[in-house]
Amino acid sequence: MTLRHILIAEDDPRDEELTMAALEEHNLANKVFVVHDGAEALDYLYCRGKFAARTTGNPVALLLDLKMPKVTGIEVLKTVKADQNLKTIPIVVLTSSREEPDLIECYKHGVNAYVVKPVDFTEFMKAVKHLGVFWAAVNEPPPSTRAEESSLATPKP
């Protein structure tokens with residue numbers, strides 16, 4: 001069986017807890033990694049800093065919040081989609097922003113999906129379940145994101 005993992009970049013502890021609960025309740029990924037700001041997300045993807053020993057391959061999807069400290073979600077999106085070794089990772093922006101400029105900016109830089117976080121608990125859980133089912137179970141990731149292969153990402157200085 002292929003090990004599939006999801007990376008969540010979320011700085012709000014409540015949204016992190018709900019997202020994790022929805023994914024775990026439906027067994028949608030073998031492993032879920034959570035980072036709390038954009039800098040950590042990039043460190044994870046580039047296998048640097050505290051993630052230097054990570055060799056489990058790229059995630060099958062990145063659930064990315066836009067409004068994060070250190071490095072914004074938009075900057076993470078731009079960096080990942082500009083990198084030959086990372087650009088095939090599907091990125092789903094999961095945000096509270098309904099701002100049209102944010103939506104336009106994300107699609108301009110190659111986001112795969114833009115989902116506004118539902119305020120209602122049940123609706124939030126359903127939305128994450130649907131995202132997880134599609135990206136971790138239905139969608140066939142490209143070979144470079146399959147976890148049984150070593151990561152193709154080259155650490156940046």
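Keep in mind it's a predicted model, so treat the numbers as computed, not measured. Values below: every heavy atom of this structure, side chains too, minus hydrogens, waters and symmetry copies.
In plain terms, the two heavy atoms of Ala113 and Val111 that are nearest each other are O-CG2, 3.2 Å. Of all non-hydrogen atoms in His5 and Gly57, the two that sit nearest each other are CE1-O, 3.1 Å. In this structure, Pro59 and Ile89 approach most closely via the heavy-atom pair O-CG2, 3.9 Å. Closest approach of Lys81 and Asn112 over heavy atoms only: NZ-OD1, 3.2 Å.
With respect to Leu86, the side chain to side chain contact (heavy atoms under 4.5 Å, CB included) criterion is satisfied by exactly one of Ile91, Leu62, Val80, Leu42: Val80. Just one of Asp83, Thr79, Asn85 meets the side-chain hydrogen bond (donor to acceptor under 3.5 Å, both in side chains) condition when paired with Tyr46; it is Asp83.
Judged by distance alone, with hydrogens and angles left aside, the side-chain atoms of Asp65 form no donor-acceptor pair with the main-chain N or O of Met68 at under 3.5 Å. Looking only at distances, no side-chain donor or acceptor of Lys31 sits under 3.5 Å from a matching main-chain atom of Leu7. No donor-acceptor pair under 3.5 Å is formed between the side chain of Asp37 and the backbone N or O of Pro69.
Aromatic ring orientation, Tyr44 versus Phe33: tilted (interplanar angle from 30° to 60°).
Residues passing the salt bridge (Lys or Arg N to Asp or Glu O under 4.0 Å) test with Lys87: none are found, sequence neighbours excluded. Every side chain to side chain contact (heavy atoms under 4.5 Å, CB included) that Asp43 has, sequence neighbours left out, goes to Arg48, Phe51.
Within the 4.5 Å cutoff, the side chain of Val35 has no heavy atoms near those of the Ile8 side chain. Counting heavy atoms from C-beta on, the side chains of Val115 and Val93 never come closer than 4.5 Å. Using a 4.5 Å cut-off on side-chain heavy atoms (C-beta onward), Val116 and Ser96 make no contact.
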Please list every donor-acceptor pair under 3.5 Å in which a side-chain atom of residues 101-109 meets a protein atom from a residue at least two apart or in another chain.
unit_1 : atom_1 : unit_2 : atom_2 : d
Asp102 : OD2    : Lys67  : NZ     : 3.0
Asp102 : OD2    : Ser97  : OG     : 2.5
Glu105 : OE2    : His109 : NE2    : 3.1
Tyr107 : OH     : Tyr114 : N      : 3.4

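Using a cut-off of 4.0 Å between Lys/Arg side-chain N and Asp/Glu carboxylate O, Glu40 and Lys50 are scored as salt-bridged.
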Intermediate values then yes/no, salt bridge (charged side-chain N to carboxylate O under 4.0 Å, His left out), Glu75 and Lys78: CA-CA 5 Å; Glu75 289 303 315; Lys78 288 179 184 179; 3.5 Å; yes
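Taking CD from Glu17 and CD from Glu10, the interatomic distance works out to 12.0 Å, rounded to the nearest 0.5 Å. A distance of 7.5 Å separates CG of Leu94 from CG of Asp15, quoted to the nearest 0.5 Å.
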